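A short write-up of the structure that comes next.
The sequence lines fix the lettering, A, B, ..., with proteins before strands; numbering per chain opens at 1. Predicted model only: the values in this text are computed from it and were never measured.
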Amino acid sequence: MVEFTLPANSRPTKGKAHPAESGATNVRTFHVYRFDPDSGNNPRIDTFDLDLDKCGPMVLDALIKIKNEVDPTLTFRRSCREGVCGSCSFNIDGTNTIACTKPIEEIKGDVKIYPLPHMPVVKDLVCDLNQPYAQYAAMEPWIKTDTPAPNRERLQSEEEREKLDGLWECILCFCCQTSCPSYWWNGDRYMGPAVLLQANRWIQDSRDEATGERLDELDDPFRLYRCHTIMNCSNTCPKNLNPGRAIGEIKEALAKRQ
Amino acid sequence: MMDQMRSQLGRVRGLGSNKHGVGHWWAQRITAVALVPLSIWAVVSAVSLTGADYTTFQAWISEHGNLVLMLSFVVAMFHHANLGMQTVIEDYVHGEATKITLLITTKFIAAIGAISCIVATLKVALTG
Ligand code: SF4
Ligand code: SF4
Ligand code: FES
(Lines give C-alpha, C1' and ligand atoms only; values in the text may rest on other atoms or scores of the structure.)
(Ligands and ions follow the chains in the order given, each with its own letter.)
Protein backbone atom coordinates (compact mmCIF):
# COMPACT_ATOMS: atom_id res chain seq x y z
CA MET A 1 0.00 0.00 0.00
CA VAL A 2 1.04 3.57 -0.47
CA GLU A 3 2.64 4.96 2.68
CA PHE A 4 1.89 8.53 3.63
CA THR A 5 3.91 8.61 6.85
CA LEU A 6 7.45 7.54 7.54
CA PRO A 7 8.02 4.32 9.47
CA ALA A 8 8.80 5.08 13.16
CA ASN A 9 12.52 4.35 12.80
CA SER A 10 12.86 6.69 9.81
CA ARG A 11 11.40 9.81 11.41
CA PRO A 12 14.08 12.48 11.70
CA THR A 13 14.84 13.96 15.11
CA LYS A 14 16.45 17.27 15.99
CA GLY A 15 20.23 16.96 15.70
CA LYS A 16 23.27 19.00 16.61
CA ALA A 17 23.49 22.76 16.09
CA HIS A 18 26.79 24.17 14.89
CA PRO A 19 27.01 27.95 15.39
CA ALA A 20 28.89 30.19 12.98
CA GLU A 21 32.46 31.22 13.70
CA SER A 22 32.68 34.39 15.81
CA GLY A 23 32.74 37.63 13.88
CA ALA A 24 30.63 36.25 11.01
CA THR A 25 28.24 38.85 9.61
CA ASN A 26 26.60 37.19 6.60
CA VAL A 27 25.23 34.07 8.29
CA ARG A 28 22.88 31.53 6.72
CA THR A 29 21.47 28.43 8.42
CA PHE A 30 21.68 25.05 6.68
CA HIS A 31 19.53 22.12 7.86
CA VAL A 32 21.13 18.90 6.74
CA TYR A 33 19.71 15.38 6.94
CA ARG A 34 22.02 12.97 8.74
CA PHE A 35 21.68 9.22 9.02
CA ASP A 36 24.17 6.65 10.19
CA PRO A 37 22.85 3.10 9.78
CA ASP A 38 25.53 1.69 12.11
CA SER A 39 24.40 3.81 15.05
CA GLY A 40 20.93 2.30 15.24
CA ASN A 41 19.51 5.79 15.80
CA ASN A 42 16.82 7.58 13.86
CA PRO A 43 17.96 10.08 11.25
CA ARG A 44 18.49 13.61 12.57
CA ILE A 45 18.53 17.10 11.14
CA ASP A 46 21.75 18.96 12.00
CA THR A 47 21.94 22.72 11.64
CA PHE A 48 25.03 24.55 10.47
CA ASP A 49 25.33 28.34 10.57
CA LEU A 50 27.77 29.35 7.85
CA ASP A 51 29.41 32.65 7.03
CA LEU A 52 28.46 33.15 3.37
CA ASP A 53 31.27 35.71 2.98
CA LYS A 54 33.68 32.81 3.38
CA CYS A 55 31.78 30.32 1.24
CA GLY A 56 31.41 29.73 -2.51
CA PRO A 57 28.10 30.65 -4.15
CA MET A 58 26.53 27.21 -4.67
CA VAL A 59 24.85 24.83 -2.25
CA LEU A 60 27.61 22.31 -2.98
CA ASP A 61 30.18 24.86 -1.80
CA ALA A 62 28.34 25.03 1.52
CA LEU A 63 28.32 21.24 1.88
CA ILE A 64 32.05 21.10 1.11
CA LYS A 65 32.70 23.89 3.61
CA ILE A 66 30.81 21.94 6.28
CA LYS A 67 32.74 18.77 5.51
CA ASN A 68 36.11 20.55 5.45
CA GLU A 69 35.68 22.91 8.36
CA VAL A 70 32.86 21.76 10.65
CA ASP A 71 31.99 18.09 10.47
CA PRO A 72 34.19 15.77 8.36
CA THR A 73 31.75 12.87 8.88
CA LEU A 74 29.12 14.48 6.62
CA THR A 75 28.69 12.10 3.68
CA PHE A 76 27.53 13.04 0.19
CA ARG A 77 28.37 12.36 -3.44
CA ARG A 78 29.90 14.92 -5.75
CA SER A 79 32.49 14.97 -8.46
CA CYS A 80 32.51 17.47 -11.32
CA ARG A 81 31.13 20.51 -9.46
CA GLU A 82 29.84 21.87 -12.77
CA GLY A 83 26.62 20.03 -13.53
CA VAL A 84 27.87 17.29 -15.82
CA CYS A 85 28.37 14.20 -13.65
CA GLY A 86 24.98 14.00 -11.97
CA SER A 87 26.41 12.96 -8.59
CA CYS A 88 25.35 15.77 -6.28
CA SER A 89 21.57 15.42 -6.58
CA PHE A 90 19.67 16.10 -3.35
CA ASN A 91 16.34 17.48 -2.26
CA ILE A 92 17.25 21.13 -1.72
CA ASP A 93 14.70 23.61 -0.42
CA GLY A 94 11.95 21.10 -1.19
CA THR A 95 12.95 20.43 -4.80
CA ASN A 96 15.23 17.81 -6.28
CA THR A 97 18.20 19.41 -7.97
CA ILE A 98 21.97 19.22 -8.24
CA ALA A 99 23.78 21.16 -5.52
CA CYS A 100 26.67 22.35 -7.69
CA THR A 101 24.53 24.51 -9.96
CA LYS A 102 22.04 25.67 -7.31
CA PRO A 103 22.96 29.16 -6.06
CA ILE A 104 22.46 29.63 -2.30
CA GLU A 105 21.18 33.09 -3.17
CA GLU A 106 18.15 31.63 -4.96
CA ILE A 107 16.90 30.14 -1.69
CA LYS A 108 14.93 32.31 0.68
CA GLY A 109 15.59 31.77 4.40
CA ASP A 110 17.15 28.60 5.80
CA VAL A 111 18.52 26.04 3.37
CA LYS A 112 17.19 22.50 3.80
CA ILE A 113 19.17 19.66 2.29
CA TYR A 114 17.74 16.13 2.26
CA PRO A 115 18.58 13.00 0.27
CA LEU A 116 16.55 12.27 -2.87
CA PRO A 117 13.02 11.30 -1.80
CA HIS A 118 11.75 7.76 -1.38
CA MET A 119 15.06 5.98 -1.90
CA PRO A 120 16.81 3.84 0.71
CA VAL A 121 19.43 5.97 2.48
CA VAL A 122 22.94 4.53 2.73
CA LYS A 123 24.37 7.32 4.86
CA ASP A 124 23.49 11.02 5.29
CA LEU A 125 22.81 12.38 1.78
CA VAL A 126 23.88 9.24 -0.08
CA CYS A 127 20.98 7.11 -1.24
CA ASP A 128 20.95 3.69 -2.84
CA LEU A 129 20.55 4.08 -6.62
CA ASN A 130 21.06 0.43 -7.57
CA GLN A 131 17.48 0.03 -8.72
CA PRO A 132 17.44 2.95 -11.19
CA TYR A 133 20.90 1.94 -12.46
CA ALA A 134 19.61 -1.59 -13.11
CA GLN A 135 16.56 -0.14 -14.84
CA TYR A 136 18.87 1.93 -17.02
CA ALA A 137 20.90 -1.19 -17.84
CA ALA A 138 17.68 -3.05 -18.69
CA MET A 139 17.04 -0.43 -21.42
CA GLU A 140 20.25 -1.65 -23.09
CA PRO A 141 21.49 1.90 -23.71
CA TRP A 142 23.76 1.21 -26.65
CA ILE A 143 23.29 1.17 -30.41
CA LYS A 144 21.95 -2.08 -31.88
CA THR A 145 22.29 -2.78 -35.58
CA ASP A 146 22.18 -5.72 -37.97
CA THR A 147 23.63 -3.82 -40.92
CA PRO A 148 27.37 -4.55 -40.95
CA ALA A 149 29.46 -1.76 -39.47
CA PRO A 150 30.52 0.77 -42.11
CA ASN A 151 34.15 1.80 -42.52
CA ARG A 152 33.32 5.27 -41.26
CA GLU A 153 30.79 6.79 -38.89
CA ARG A 154 27.09 5.94 -39.29
CA LEU A 155 25.49 8.90 -41.03
CA GLN A 156 22.56 10.93 -39.85
CA SER A 157 20.82 13.89 -41.47
CA GLU A 158 20.64 17.11 -39.52
CA GLU A 159 16.92 16.56 -38.88
CA GLU A 160 17.57 13.02 -37.62
CA ARG A 161 20.25 14.28 -35.30
CA GLU A 162 17.98 17.02 -33.99
CA LYS A 163 15.61 14.39 -32.62
CA LEU A 164 18.23 13.55 -30.00
CA ASP A 165 18.34 17.10 -28.66
CA GLY A 166 16.79 17.31 -25.24
CA LEU A 167 17.66 13.65 -24.68
CA TRP A 168 21.45 13.27 -24.95
CA GLU A 169 22.04 16.03 -22.39
CA CYS A 170 20.67 13.93 -19.51
CA ILE A 171 23.28 13.44 -16.78
CA LEU A 172 21.41 10.64 -14.97
CA CYS A 173 21.16 12.57 -11.73
CA PHE A 174 17.78 10.92 -11.03
CA CYS A 175 16.24 14.15 -9.76
CA CYS A 176 13.25 13.48 -12.01
CA GLN A 177 13.11 9.76 -11.23
CA THR A 178 12.80 10.36 -7.49
CA SER A 179 10.35 13.26 -7.87
CA CYS A 180 7.77 11.10 -9.61
CA PRO A 181 4.89 9.87 -7.41
CA SER A 182 4.34 6.93 -9.74
CA TYR A 183 7.97 5.95 -9.19
CA TRP A 184 7.55 6.28 -5.42
CA TRP A 185 4.56 3.94 -5.37
CA ASN A 186 5.63 1.47 -8.07
CA GLY A 187 9.37 1.95 -8.61
CA ASP A 188 9.93 -1.80 -8.60
CA ARG A 189 8.00 -2.15 -11.87
CA TYR A 190 7.72 1.37 -13.32
CA MET A 191 10.90 2.38 -15.14
CA GLY A 192 10.65 6.03 -14.12
CA PRO A 193 11.18 9.26 -16.07
CA ALA A 194 15.01 9.29 -16.22
CA VAL A 195 15.19 5.74 -17.54
CA LEU A 196 12.34 6.32 -20.00
CA LEU A 197 13.99 9.49 -21.30
CA GLN A 198 17.13 7.42 -21.87
CA ALA A 199 15.07 4.70 -23.57
CA ASN A 200 13.60 7.35 -25.85
CA ARG A 201 17.09 8.57 -26.66
CA TRP A 202 17.62 5.20 -28.41
CA ILE A 203 14.09 4.89 -29.78
CA GLN A 204 14.51 8.24 -31.55
CA ASP A 205 18.01 7.49 -32.87
CA SER A 206 17.79 7.00 -36.64
CA ARG A 207 20.95 4.86 -36.59
CA ASP A 208 19.49 2.26 -34.23
CA GLU A 209 17.87 -0.79 -35.83
CA ALA A 210 16.12 -2.24 -32.76
CA THR A 211 13.36 0.34 -32.33
CA GLY A 212 10.59 -2.28 -32.45
CA GLU A 213 12.22 -4.48 -29.81
CA ARG A 214 12.76 -1.48 -27.59
CA LEU A 215 9.07 -0.59 -27.89
CA ASP A 216 8.07 -4.21 -27.20
CA GLU A 217 9.96 -4.06 -23.92
CA LEU A 218 8.07 -0.93 -22.87
CA ASP A 219 4.59 -1.95 -24.04
CA ASP A 220 3.60 -2.75 -20.47
CA PRO A 221 1.07 -1.20 -18.07
CA PHE A 222 3.74 -0.88 -15.38
CA ARG A 223 7.05 -0.26 -17.15
CA LEU A 224 5.75 2.70 -19.18
CA TYR A 225 2.09 3.39 -18.56
CA ARG A 226 2.39 4.10 -14.84
CA CYS A 227 3.27 7.59 -16.06
CA HIS A 228 0.12 9.64 -15.61
CA THR A 229 1.63 12.87 -16.95
CA ILE A 230 1.93 14.46 -13.48
CA MET A 231 4.96 16.36 -14.85
CA ASN A 232 6.91 16.64 -11.57
CA CYS A 233 9.81 15.21 -13.57
CA SER A 234 9.94 18.03 -16.11
CA ASN A 235 9.54 20.69 -13.42
CA THR A 236 12.50 19.44 -11.43
CA CYS A 237 15.14 18.56 -14.05
CA PRO A 238 18.25 20.68 -13.32
CA LYS A 239 19.27 20.43 -16.99
CA ASN A 240 15.89 21.78 -18.11
CA LEU A 241 15.03 18.60 -19.96
CA ASN A 242 11.50 17.32 -20.37
CA PRO A 243 11.20 13.63 -19.43
CA GLY A 244 7.40 13.97 -19.46
CA ARG A 245 7.51 14.85 -23.13
CA ALA A 246 10.00 12.05 -23.86
CA ILE A 247 7.55 9.58 -22.31
CA GLY A 248 4.81 11.09 -24.47
CA GLU A 249 6.95 10.38 -27.54
CA ILE A 250 7.31 6.72 -26.56
CA LYS A 251 3.54 6.43 -26.07
CA GLU A 252 3.05 8.11 -29.45
CA ALA A 253 5.37 5.60 -31.14
CA LEU A 254 3.46 2.72 -29.54
CA ALA A 255 0.12 4.21 -30.61
CA LYS A 256 1.42 4.63 -34.18
CA ARG A 257 2.13 0.94 -34.60
CA GLN A 258 -1.22 -0.11 -33.11
CA MET B 1 11.22 -11.63 0.33
CA MET B 2 11.67 -14.25 -2.32
CA ASP B 3 13.76 -11.94 -4.48
CA GLN B 4 16.37 -11.06 -1.88
CA MET B 5 19.33 -12.91 -3.41
CA ARG B 6 18.39 -12.09 -6.99
CA SER B 7 20.48 -9.57 -8.90
CA GLN B 8 19.05 -6.07 -9.21
CA LEU B 9 18.91 -6.45 -13.01
CA GLY B 10 17.04 -9.75 -12.69
CA ARG B 11 14.51 -8.12 -10.40
CA VAL B 12 14.01 -5.16 -12.73
CA ARG B 13 13.52 -7.41 -15.76
CA GLY B 14 11.13 -9.48 -13.64
CA LEU B 15 8.62 -11.45 -15.70
CA GLY B 16 9.26 -9.29 -18.77
CA SER B 17 7.01 -6.90 -20.64
CA ASN B 18 3.35 -7.91 -20.81
CA LYS B 19 3.12 -6.39 -24.33
CA HIS B 20 -0.41 -5.05 -23.78
CA GLY B 21 0.22 -1.66 -22.25
CA VAL B 22 -0.84 0.41 -25.24
CA GLY B 23 -4.23 -1.31 -25.62
CA HIS B 24 -5.39 -0.32 -22.16
CA TRP B 25 -4.09 3.22 -22.60
CA TRP B 26 -5.74 3.57 -26.02
CA ALA B 27 -9.11 2.25 -24.75
CA GLN B 28 -8.96 4.78 -21.93
CA ARG B 29 -8.43 7.68 -24.40
CA ILE B 30 -11.09 6.45 -26.86
CA THR B 31 -13.77 6.03 -24.17
CA ALA B 32 -12.83 9.41 -22.71
CA VAL B 33 -13.21 11.09 -26.12
CA ALA B 34 -16.52 9.28 -26.74
CA LEU B 35 -17.82 10.29 -23.32
CA VAL B 36 -17.45 14.02 -23.99
CA PRO B 37 -20.33 14.34 -26.50
CA LEU B 38 -22.24 11.41 -24.98
CA SER B 39 -22.32 12.93 -21.48
CA ILE B 40 -23.37 16.32 -22.83
CA TRP B 41 -26.14 14.60 -24.77
CA ALA B 42 -27.21 12.61 -21.67
CA VAL B 43 -27.33 15.69 -19.45
CA VAL B 44 -29.18 17.79 -22.04
CA SER B 45 -31.69 14.96 -22.58
CA ALA B 46 -32.22 14.45 -18.85
CA VAL B 47 -32.84 18.16 -18.37
CA SER B 48 -35.27 18.40 -21.29
CA LEU B 49 -37.14 15.33 -20.00
CA THR B 50 -37.58 16.55 -16.42
CA GLY B 51 -41.20 16.34 -15.41
CA ALA B 52 -42.10 14.21 -18.44
CA ASP B 53 -44.45 11.28 -17.78
CA TYR B 54 -43.62 7.65 -18.51
CA THR B 55 -45.31 7.57 -21.92
CA THR B 56 -43.31 10.57 -23.14
CA PHE B 57 -40.09 9.04 -21.85
CA GLN B 58 -40.91 5.66 -23.37
CA ALA B 59 -41.59 7.29 -26.73
CA TRP B 60 -38.30 9.20 -26.46
CA ILE B 61 -36.11 6.20 -25.60
CA SER B 62 -37.67 3.97 -28.25
CA GLU B 63 -36.54 6.36 -30.98
CA HIS B 64 -33.69 4.64 -32.79
CA GLY B 65 -31.14 7.45 -32.35
CA ASN B 66 -31.83 7.96 -28.65
CA LEU B 67 -31.64 4.25 -27.93
CA VAL B 68 -28.31 3.89 -29.75
CA LEU B 69 -26.84 6.91 -27.95
CA MET B 70 -28.11 5.73 -24.56
CA LEU B 71 -26.59 2.27 -25.00
CA SER B 72 -23.30 3.76 -26.26
CA PHE B 73 -23.23 6.04 -23.24
CA VAL B 74 -23.73 3.11 -20.86
CA VAL B 75 -21.06 0.96 -22.51
CA ALA B 76 -18.49 3.79 -22.75
CA MET B 77 -19.13 4.91 -19.18
CA PHE B 78 -18.81 1.51 -17.53
CA HIS B 79 -15.81 0.57 -19.65
CA HIS B 80 -14.09 3.84 -18.84
CA ALA B 81 -14.93 3.60 -15.13
CA ASN B 82 -13.56 0.07 -15.01
CA LEU B 83 -10.28 1.11 -16.69
CA GLY B 84 -9.97 4.11 -14.39
CA MET B 85 -10.54 2.03 -11.26
CA GLN B 86 -8.00 -0.52 -12.51
CA THR B 87 -5.39 2.24 -12.85
CA VAL B 88 -6.09 3.56 -9.35
CA ILE B 89 -5.90 0.09 -7.83
CA GLU B 90 -2.67 -0.77 -9.65
CA ASP B 91 -1.18 2.55 -8.53
CA TYR B 92 -1.98 2.30 -4.86
CA VAL B 93 -2.62 -1.30 -3.81
CA HIS B 94 0.47 -3.46 -3.54
CA GLY B 95 -0.48 -6.76 -1.86
CA GLU B 96 -0.91 -9.23 -4.77
CA ALA B 97 -3.95 -10.97 -3.25
CA THR B 98 -5.81 -7.76 -2.31
CA LYS B 99 -4.95 -6.26 -5.68
CA ILE B 100 -6.28 -9.19 -7.71
CA THR B 101 -9.42 -9.44 -5.56
CA LEU B 102 -10.13 -5.74 -6.01
CA LEU B 103 -9.45 -5.84 -9.75
CA ILE B 104 -11.78 -8.80 -10.30
CA THR B 105 -14.49 -7.28 -8.09
CA THR B 106 -14.34 -4.00 -10.04
CA LYS B 107 -14.65 -5.84 -13.33
CA PHE B 108 -17.65 -7.82 -12.09
CA ILE B 109 -19.36 -4.72 -10.73
CA ALA B 110 -18.75 -2.85 -13.99
CA ALA B 111 -20.00 -5.77 -16.10
CA ILE B 112 -23.12 -6.33 -14.02
CA GLY B 113 -23.83 -2.60 -13.87
CA ALA B 114 -23.49 -2.26 -17.64
CA ILE B 115 -25.58 -5.35 -18.44
CA SER B 116 -28.30 -4.33 -16.02
CA CYS B 117 -28.48 -0.81 -17.50
CA ILE B 118 -28.62 -2.23 -21.02
CA VAL B 119 -31.37 -4.73 -20.12
CA ALA B 120 -33.42 -2.04 -18.35
CA THR B 121 -33.06 0.40 -21.26
CA LEU B 122 -34.02 -2.22 -23.84
CA LYS B 123 -37.00 -3.36 -21.78
CA VAL B 124 -38.44 0.14 -21.60
CA ALA B 125 -37.58 0.97 -25.20
CA LEU B 126 -38.81 -2.24 -26.84
CA THR B 127 -41.70 -3.40 -24.68
CA GLY B 128 -42.93 -0.16 -23.14
S1 SF4 C 1 5.05 12.94 -16.08
FE2 SF4 C 1 5.12 10.75 -15.73
S3 SF4 C 1 7.23 10.37 -15.23
FE4 SF4 C 1 6.94 12.57 -15.00
S5 SF4 C 1 6.48 12.84 -12.83
FE6 SF4 C 1 4.61 12.54 -13.95
S7 SF4 C 1 4.08 10.38 -13.80
FE8 SF4 C 1 6.23 10.67 -13.29
S1 SF4 D 1 16.20 13.99 -17.22
FE2 SF4 D 1 17.06 15.67 -16.03
S3 SF4 D 1 16.48 15.21 -13.91
FE4 SF4 D 1 16.19 13.36 -15.07
S5 SF4 D 1 18.10 12.23 -14.78
FE6 SF4 D 1 18.28 13.40 -16.69
S7 SF4 D 1 19.25 15.30 -16.12
FE8 SF4 D 1 18.52 14.37 -14.22
S1 FES E 1 29.03 17.55 -8.79
FE2 FES E 1 28.69 16.82 -10.80
S3 FES E 1 26.64 17.39 -11.15
FE4 FES E 1 27.06 18.33 -9.24
Just how far is it from atom [atom1] of [X] to atom [atom2] of [Y], taken to the nearest 0.5 Å?
| X | Y | atom1 | atom2 | result |
| --- | --- | --- | --- | --- |
| B:Q8 | A:L129 | CD | CG | 10.5 Å |
| A:Q135 | B:R13 | CD | CZ | 12.5 Å |
| B:H24 | A:D220 | NE2 | CG | 12.0 Å |
| B:H20 | A:D219 | NE2 | CG | 8.0 Å |
| B:K19 | A:R223 | NZ | CZ | 9.0 Å |
| B:W25 | A:Q258 | CH2 | CD | 9.0 Å |

Would you mind checking which part of [X] comes under 4.5 Å of any heavy atom in chain B, side chain (CB onward), backbone (N, CA, C, O), both or neither?
| X | result |
| --- | --- |
| A:L254 | both |
| A:F222 | side chain |
| A:R257 | neither |
| A:Q131 | both |

Exercise. Shortest non-hydrogen contact from B:N18 to A:P221?
Worked result: OD1-CD, 3.1 Å

Exercise. Closest heavy-atom contact between A:D216 and B:S17?
Worked result: O-OG, 2.8 Å

Please check if the number of heavy atoms outside [X] that lie under 6.0 Å from its [atom1] is greater than 12.
| X | atom1 | result |
| --- | --- | --- |
| A:R245 | CZ | no |
| B:K99 | NZ | yes |
| A:K239 | NZ | yes |

Exercise. Salt bridge or not for A:R226 and B:D91, using N-O below 4.0 Å?
Worked result: yes

Exercise. Would you call B:R29 and A:E252 a salt bridge, using N to O less than 4.0 angstrom?
Worked result: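 Here B:R29 does not pair with A:E252 in a salt bridge, since their nearest N and O are not under 4.0 Å apart.
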
Problem set entry | Stepwise side chain to side chain contact (heavy atoms under 4.5 Å, CB included) check, B:V22 with A:Y225 | CA-CA 8 Å; B:V22 66; A:Y225 290 97; 3.3 Å; yes

Exercise. Do A:N186 and B:H94 meet the criterion of a side-chain donor-acceptor pair at a distance under 3.5 Å?
Worked result: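 Checked: A:N186/B:H94 side chains pair up, N/O donor to acceptor below 3.5 Å.
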
Exercise. With only heavy atoms counted, which part of B:T98 is less than 4.5 Å from chain A, the side chain, the backbone, both or neither?
Worked result: neither

For this session: Just give me the residue among B:G14, B:G23, B:G16 that pairs up with chain A most often, heavy atom to heavy atom, under 4.5 Å.
Result: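 Highest number of pairs under 4.5 Å: B:G16.
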
